[in-house]
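This one's a predicted model, so the numbers in the text were calculated from it and none came from an experiment. Values reported hereafter were calculated over all heavy atoms of this structure, with side chains retained and with hydrogens, waters and symmetry mates removed.
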Amino acid sequence: MDIELIELFPNSTKFVLTDITLAFANTIRRITLAEVPTLIIEDVYVLKNTSPLFDEFIAHRLGLVPLKYDEDILELNFREDCDCGGIGCNLCTVTLTLSKETDDQTTSIVYSGDLISLQSGVKPISDNIPIVKLGPNQSLELECMAQLGRGKEHAKWQPVSAIAYQEFPIPEIDQEKCNNCLACIDICYRGVFQKVGNSVKVVNPLRCTICKHCKSACEPGAITIGYDASKTIFSFETNGGQEISSLLVNAGEILIAKIEEFKNELETTIIEEKEKSE
Ligand SMILES: [Zn+2]
C-alpha cells in the first residue's frame with residue numbers, strides 16, 4: 001500500500017491510497033467513524049436554570065460540544081469497563097462546571113469557554129460555541145459529566161464531522177472532437193476544466209467526483225471519465241478533538257485488534273471441533 005498526501009490542514013486531510021480495495025477503504029472509514037473513542041459530555045446536573053431554554057435543550061447542546069482530551073495528561077477508562085460499574089468516578093468521568101449570571105442591566109451569552117474542567121488535560125476545542133443567551137437577572141449553574149464513548153453508541157461521540165472515499169478519477173478531453181463550446185466548464189461546479197489559450201483543458205482532475213454531468217453536456221462526445229481501480233481518494237474532517245495522524249493510527253490499531261480477536265476465536269473453534277471429532 002502507498003499513501004500520497006494531497007491536502008493537509010489542521011482539521012482536514014485528503015490523500016490517495018494505492019493498491020487497496022474500496023472495501024478496505026470503507027473499513028477504515030467505518031472504524032474511524034464508529035469505533036475511535038472520544039470524550040463527550042454525557043450527563044448534566046442542572047443546579048439552577050432561569051435561562052429561556054429548558055434543561056433538556058441545554059443538556060443536548062452541551063453534548064454536542066467537542067472536547068479536547070490529552071491522553072498524556074489523563075488516562076480514562078470506558079465507563080462499562082470501570083470498577084465503578086459505569087456510575088461515574090475519577091477514573092472514567094471528567095467533571096466540568098459552568099456558572100454564569102446576569103444583573104438587572106445586562107444580557108450575556110453562555111459559551112463553551114465558560115465550561116471549567118475540574119481535571120487537567122480536558123477543555124472544549126473552542127471557547128466560542130454559544131450555548132444559551134441569558135437575559136437580565138437570569139442565571140445558569142450546571143455540573144457536566146464527560147465520559148469516553150464511541151460513535152456506534154451515539155453520533156455525538158464521532159470524532160469526524162465528514163469522512164469519505166471515492167474512486168481515483170481520470171477525466172480526459174479528446175481535442176480533435178472538442179469544439180470549444182465550454183459547456184463542460186459551465187456545468188462542472190468542481191472546476192475540473194478550464195479554458196487554457198484556445199482550448200479546454202483538464203486542470204484539476206482530482207476534484208472530479210465522476211458525476212459525468214460534463215459528459216452529458218458535451219455534445220461532440222469529446223469527454224471521457226475513467227478511473228484508476230488501483231487507487232482510492234480518502235478524505236475526512238475532524239471535529240478538532242484529535243490530531244489527524246493520531247485519529248488514523250487509532251483506527252488502524254482498532255482494526256488490528258479486531259483481526260487478532262477474530263483469528264484467535266477461529267483458531268480456538270477449529271481446535272475444539274477437532275477435539276470433538278477425535
Ligand atoms: Zn468509573
Q: Does the side chain of L142 come within less than 4.5 Å of L62's, by heavy atoms?
A: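 Yes; the side chains approach each other to less than 4.5 Å.
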Q: So, does T50 use its side chain to make a donor-acceptor pair with the main chain of S139 at under 3.5 Å?
A: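 Yes; judged by distance alone, with no hydrogens or angles, the pair exists.
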Q: Are side-chain N/O atoms of E141 and S99 paired as donor and acceptor at under 3.5 Å?
A: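 Distance-only check fails for E141 and S99.
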Q: Output all residues satisfying ring-ring contact (aromatic ring centres under 6.0 Å, His included) with Y165, sequence neighbours left out; order by chain, then residue number.
A: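 Partners of Y165 by the ring-ring contact (aromatic ring centres under 6.0 Å, His included) criterion come out as none, since no residue qualifies.
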Q: Compare every heavy atom of F193 with every heavy atom of C188, then report the nearest pair and how far apart it is.
A: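 Shortest heavy-atom separation between C188 and F193 comes out as CB-CD1, 4.1 Å.
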Q: More than 12 heavy atoms of other residues, nucleotides or ligands under 6.0 Å from CZ of F78: yes or no?
A: yes
Q: State the CD-CD1 distance between E272 and I270, to the nearest 0.5 angstrom.
A: 11.0 Å
Q: Taking all atoms of both residues into account, what is the closest heavy-atom pair of T107 and G135, and its distance?
A: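 Scanning both residues completely, I find the closest heavy atoms to be CG2-CA, 4.0 Å.
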Q: Hydrophobic clusters here meaning ILVMFWY residues chained together by side-chain heavy-atom distances under 4.5 Å, can you tell me if L182 and I173 are in one?
A: yes
Q: Tell me, which pairs form a salt bridge (Lys or Arg N to Asp or Glu O under 4.0 Å) where one or both residues lie in residues 22-35, sequence neighbours left out?
A: E35-K152, E35-K258
Q: Salt bridge (Lys or Arg N to Asp or Glu O under 4.0 Å): which pairs involve residues 173-196, sequence neighbours left out?
A: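 Salt bridge (Lys or Arg N to Asp or Glu O under 4.0 Å) check on residues 173-196 returns no pairs.
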Q: With a 4.5 Å cut-off on side-chain heavy atoms, are L17 and I28 touching?
A: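 No, side chains not in contact.
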Q: Would you indicate whether the side-chain heavy atoms of T93 and C82 approach each other to under 4.5 Å?
A: no
Q: If the condition is side chain to side chain contact (heavy atoms under 4.5 Å, CB included), which residues does I116 pass it with, not counting sequence neighbours?
A: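 Partners of I116 by the side chain to side chain contact (heavy atoms under 4.5 Å, CB included) criterion, ordered by chain and then number, come out as T97.
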Q: Look only at the side chain of D55 and the backbone of A59, and say whether a donor-acceptor pair between them is shorter than 3.5 Å.
A: no
Q: Are the side chains of N77 and C89 in contact, using a 4.5 Å heavy-atom criterion?
A: no
Q: Considering non-hydrogen atoms only, spot the tightest contact between Q242 and P159 and give its length.
A: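 Heavy atoms only, the tightest pair is NE2-CB, 4.1 Å.
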Q: Look at atom NZ of K133 and say whether more than 12 heavy atoms of other residues, nucleotides or ligands are closer to it than 6.0 Å.
A: no
Q: Give the minimum heavy-atom separation between G63 and I40, together with the two atoms involved.
A: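 Heavy atoms only, the tightest pair is O-CG2, 3.2 Å.
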Q: State plainly whether one hydrophobic cluster holds both I244 and L5, where clusters connect Ile, Leu, Val, Met, Phe, Trp and Tyr through side-chain heavy atoms under 4.5 angstrom apart.
A: yes
Q: N26 and L22: side chain to side chain contact (heavy atoms under 4.5 Å, CB included), yes or no, with the steps?
A: CA-CA 6 Å; N26 194 31; L22 286 181; over 6 Å; no
Q: Once rounded to the nearest 0.5 Å, what's the spacing between atom CG of L76 and atom CG of L91?
A: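 That separation rounds to 8.5 Å.
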Q: Can you check whether L134's main-chain N or O pairs, donor with acceptor, with S108's side chain at less than 3.5 Å?
A: no
Q: Quick check on the hydrophobic clustering: are I58 and V46 connected, directly or via other members, by side-chain heavy-atom contacts under 4.5 Å?
A: yes
Q: Can you name the residues that form a side-chain hydrogen bond (donor to acceptor under 3.5 Å, both in side chains) with N239, not counting sequence neighbours?
A: none
Q: Would you say V94 ends up clustered with W157 if hydrophobic residues are merged whenever their side chains have heavy atoms under 4.5 Å apart, either directly or through other cluster members?
A: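 No; tracing contacts between hydrophobic side chains, which count when under 4.5 Å, never links both residues.
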Q: Among D2, T18, I170, which one satisfies side-chain contact (heavy atoms from CB on, under 4.5 Å) with K231?
A: T18
Q: Output yes when a side-chain donor or acceptor of E265 lies under 3.5 Å from a complementary backbone atom of F262, and no otherwise.
A: no
Q: More than 12 foreign heavy atoms under 6.0 Å from CD of E267: is that the case here?
A: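 Yes, because the 6.0 Å sphere around CD of E267 holds more than 12 heavy atoms from other groups.
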Q: Under a 4.5 Å cut-off applied to non-hydrogen side-chain atoms, are E237 and F9 in contact?
A: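 Not touching, per the 4.5 Å side-chain cut-off.
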Q: Can you tell me how far apart CD1 (I41) and CD (Q147) are? Round to the nearest 0.5 Å.
A: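 With rounding to 0.5 Å, CD1 (I41) is 11.0 Å from CD (Q147).
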Q: Among all residues two or more places apart in sequence or in another chain, which pass the side-chain hydrogen bond (donor to acceptor under 3.5 Å, both in side chains) test with S235?
A: none
Q: Is there side-chain contact between F24 and T21, with at least one heavy-atom pair below 4.5 Å?
A: yes
Q: Assess whether side chain to side chain contact (heavy atoms under 4.5 Å, CB included) is satisfied between Y69 and T38, documenting all intermediate values.
A: CA-CA 8 Å; Y69 155 50; T38 57; over 6 Å; no
Q: Rounded to the nearest 0.5 Å, how far does SG of C208 lie from CD of E172?
A: 11.0 Å
Q: Taking F234 as the starting point, is it possible to reach I31 by hopping between hydrophobic residues whose side chains are less than 4.5 Å apart?
A: yes
Q: Who pairs with P130 by side chain to side chain contact (heavy atoms under 4.5 Å, CB included), at least two apart in sequence or on another chain?
A: I109, Y111
Q: Give a yes or no on this: more than 12 heavy atoms of other residues, nucleotides or ligands lie within 6.0 Å of atom CG of D83.
A: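 Not more than 12 within 6.0 Å, no.
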Q: What pair of heavy atoms forms the shortest contact from L39 to L148, and how long is it?
A: CD1-N, 3.7 Å
Q: Not counting sequence neighbours, list each pair that qualifies as a salt bridge (Lys or Arg N to Asp or Glu O under 4.0 Å) and has a residue in residues 90-114.
A: K100-D114
Q: Who are the side-chain hydrogen bond (donor to acceptor under 3.5 Å, both in side chains) partners of T95, not counting sequence neighbours?
A: none
Q: Answer yes when E7 and R207 have at least one side-chain N-carboxylate O distance shorter than 4.0 Å, and no when they do not.
A: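 Salt bridge absent between E7 and R207.
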Q: If you measure from CG on L8 to NZ on K14, what distance do you get to the nearest 0.5 Å?
A: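 Going from the CG atom of L8 to the NZ atom of K14 covers 13.5 Å.
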Q: Does a sphere of radius 6.0 Å around CD in E243 hold more than 12 heavy atoms from other residues, nucleotides or ligands, not counting ones at 6.0 Å or beyond?
A: no
Q: Once side-chain hydrogen bond (donor to acceptor under 3.5 Å, both in side chains) is applied, do any residues pair with N137, and if so which ones, sequence neighbours excluded?
A: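 For N137 there are no side-chain hydrogen bond (donor to acceptor under 3.5 Å, both in side chains) partners, ignoring immediate neighbours.
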Q: Please say which of V202, L206, V203 ends up in a side-chain contact (heavy atoms from CB on, under 4.5 Å) with V192.
A: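 Per the side-chain contact (heavy atoms from CB on, under 4.5 Å) rule, the option paired with V192 is V202, out of V202, L206, V203.
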Q: Evaluate the side-chain proximity of L33 to F236: yes if any heavy-atom separation is below 4.5 Å, no if none is.
A: no
Q: Between C144 and L115, is there a side-chain heavy-atom distance shorter than 4.5 Å?
A: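 The answer is yes; the side chains approach within 4.5 Å.
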Q: Heavy atoms only: give me the nearest P66-I129 pair and the separation to one decimal.
A: CD-CD1, 4.0 Å
Q: According to the salt bridge (Lys or Arg N to Asp or Glu O under 4.0 Å) rule, which pairs have a member within residues 40-49, sequence neighbours left out?
A: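 Listed by first then second residue: E42-R79, E42-K156.
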Q: Under the criterion side chain to side chain donor-acceptor pair (under 3.5 Å), I'd like the reasoning laid out for K201 against S199: C-alpha separation, chi angles, the key distance, then a yes or no.
A: CA-CA 6 Å; K201 294 259 174 358; S199 55; 3.1 Å; yes
Q: Output side-chain donor-acceptor pairs under 3.5 Å for residues 211-228, partner residues at least two apart or in another chain, one line each.
A:
{"unit_1": "S216", "atom_1": "OG", "unit_2": "K212", "atom_2": "O", "d": "3.2"}
{"unit_1": "D228", "atom_1": "OD1", "unit_2": "S230", "atom_2": "N", "d": "2.9"}
{"unit_1": "D228", "atom_1": "OD1", "unit_2": "S230", "atom_2": "OG", "d": "2.7"}

